[in-house]
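One structure is given here, and the rest of the page talks about it.
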Amino acid sequence: MQFSYEVNDSYAEVKSVGRLNMVAAPKLREVVAEVVAGGSSRVVVNLAETDFMDSSGLGALIGCLKAARQAGGDLRIAGVQPQVKMVLELTNMDRVLTAYPTAEAAFGDD
Amino acid sequence: MTEVIARRGFHGPSNEEAIEAIHNELDALWDDASFVPDMDRMTFATAVIEAAANIVQHALPVAEKPVEIDVDISVRPTRLVARVSAFNAREPFANDMQAAMPDSDAESGRGLALIEALVTTVTFERQDGTNTWILTRNT
């Protein structure tokens, strides 16, 4: 699992590659905390290369969403793959973590 | 006895490396049993990893010996079966066995509810300091 990020004019994109499980979840929290602390509170987590997420990974996304909102921004997800979509739907979190087709589209409407 | 078409397993210390190793065994199992549909692979693998992660995160040793995790996953003609065990472990706390989905702002506590949603049956057994989750999914 690895994370990288890029800060654009209107949002920061965090790329998540690999399995977003209990091993990777704390790393995602650290990366998003760093991005938000750096002044980017509009965050897109790009999950196009994340083929697996468990409830720990989901918990980390929720924690990151709260951190972004507390800083006056928001966190959105993009490029959701079938297994991640399934976990979001079964936990009813698809209504809280809105999925966009691409990172560009996530903040494209505002 | 039901015929076992493919089988994979793992036994080792209950830690983060075990989670990755078990996931690799699951991937190898699907290579061995390529006829298992994608939906069944996805749901079953998620349930097995949730059960293993529950052990790594919550299982406490009963005495001096550290907790060990053991996973036995088999593909049978009409179902998938996994036995996910914690050796040398205390009985789980009641709140670690909570199966209701928590509020949407909760950052943990969804694992067991998710397991129940993913598989056909979930059975828990405790015997001689070993906690075992038996997960089955009809295919």
Side-chain angles (χ1 to χ4, degrees), chain A residues 1-2 16-33 36 45 47 49-71 74-77 80-99, chain B residues 13-27 30 36-59 69 71 84 96-119 122 135 137:
Chain A
M1 189 72 199
Q2 59 183 49
S16 162
V17 178
R19 300 167 180 160
L20 185 45
N21 56 17
M22 63 164 285
V23 184
K27 296 175 195 160
L28 175 64
R29 288 176 190 266
E30 278 173 30
V31 169
V32 172
V36 172
V45 179
L47 298 168
E49 291 175 69
T50 299
D51 55 9
F52 181 90
M53 177 178 79
D54 66 6
S55 61
S56 303
L58 175 61
L61 280 179
I62 296 163
C64 294
L65 171 68
K66 288 193 223 167
R69 286 186 177 166
Q70 273 163 14
D74 200 8
L75 180 138
R76 299 175 183 177
I77 54 176
V80 169
Q81 300 301 303
Q83 190 273 350
V84 174
K85 185 168 183 279
M86 175 190 77
V87 169
L88 290 168
E89 288 174 353
L90 287 175
T91 53
N92 298 319
M93 291 307 293
D94 51 333
R95 289 176 289 183
V96 178
L97 287 159
T98 314
Chain B
S14 172
N15 58 27
E16 291 185 345
E17 286 75 36
I19 297 297
E20 298 290 0
I22 292 163
H23 212 138
N24 293 340
E25 291 299 328
L26 281 159
D27 286 347
W30 309 139
V36 177
D38 285 348
M39 177 58 80
D40 291 318
R41 296 176 187 211
M42 197 166 86
T43 49
F44 199 66
T46 307
V48 170
I49 294 300
E50 286 290 345
N54 183 283
I55 289 171
V56 172
Q57 287 171 317
H58 299 295
I69 190 164
V71 177
V84 184
D96 292 336
M97 302 284 276
Q98 178 60 254
M101 206 62 86
D103 291 343
S104 64
D105 64 345
E107 294 177 34
S108 61
R110 291 185 181 79
L112 295 193
L114 194 53
I115 291 172
E116 293 203 339
L118 290 164
V119 296
V122 184
L135 313 177
R137 181 177 167 89

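Every chain is numbered from 1 and lettered A, B, ... according to where its sequence line falls, protein lines coming before strand lines.
- Taking CD of A:Q83 as the start and OG1 of B:T46 as the end, the distance is 4.0 Å to the nearest 0.5 Å.
- Annotation for A:N21 and B:E20: closest pair ND2-OE2, 3.2 Å, computed over non-hydrogen atoms.
- Note that CZ of A:R19 is 10.5 Å distant from CD1 of B:I19, once rounded to the nearest 0.5 Å.
- Interface residue A:V96: only side-chain heavy atoms are found under 4.5 Å from chain B.
- The shortest heavy-atom contact between B:A53 and A:D54 is CB-OD2, 4.5 Å.
- Residues meeting the salt bridge (Lys or Arg N to Asp or Glu O under 4.0 Å) test with B:D40, sequence neighbours left out: B:R137.
- For chain A, the option among B:H23, B:M39, B:Q57, B:E17 with the highest count of heavy-atom pairs below 4.5 Å is B:H23.
- Scanning both residues, A:L90 and B:M101, for their nearest heavy atoms gives O-CE, 3.4 Å.
- Heavy atoms closer than 4.5 Å to chain A are found in both the backbone and the side chain of B:M42.
- For A:E89, the CD atom sits in a packed shell: over 12 heavy atoms of surrounding residues, nucleotides or ligands are nearer than 6.0 Å.
- Of the two parts of B:D38, neither the backbone nor the side chain holds a non-hydrogen atom closer than 4.5 Å to a non-hydrogen atom of chain A.
- Atom CG of residue B:N15 and atom CE of residue A:M22 lie 8.5 Å apart, to the nearest 0.5 angstrom.
- Within the 4.5 angstrom heavy-atom criterion, only side-chain atoms of A:L58, from C-beta onward, approach chain B.
- Here B:S104 is the residue among B:A117, B:G111, B:S104 with the most heavy-atom pairs under 4.5 Å with chain A.
- With A:S55 as the partner, the side-chain hydrogen bond (donor to acceptor under 3.5 Å, both in side chains) test is satisfied by one option alone out of B:R110, B:E107, B:E50: B:E50.
- Nearest heavy atoms, A:I62 versus B:A106: CD1-O, 3.5 Å.
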- Item | salt bridge (Lys or Arg N to Asp or Glu O under 4.0 Å) assessment of B:D105 paired with A:R69 | CA-CA 12 Å; B:D105 64 345; A:R69 286 186 177 166; over 6 Å; no

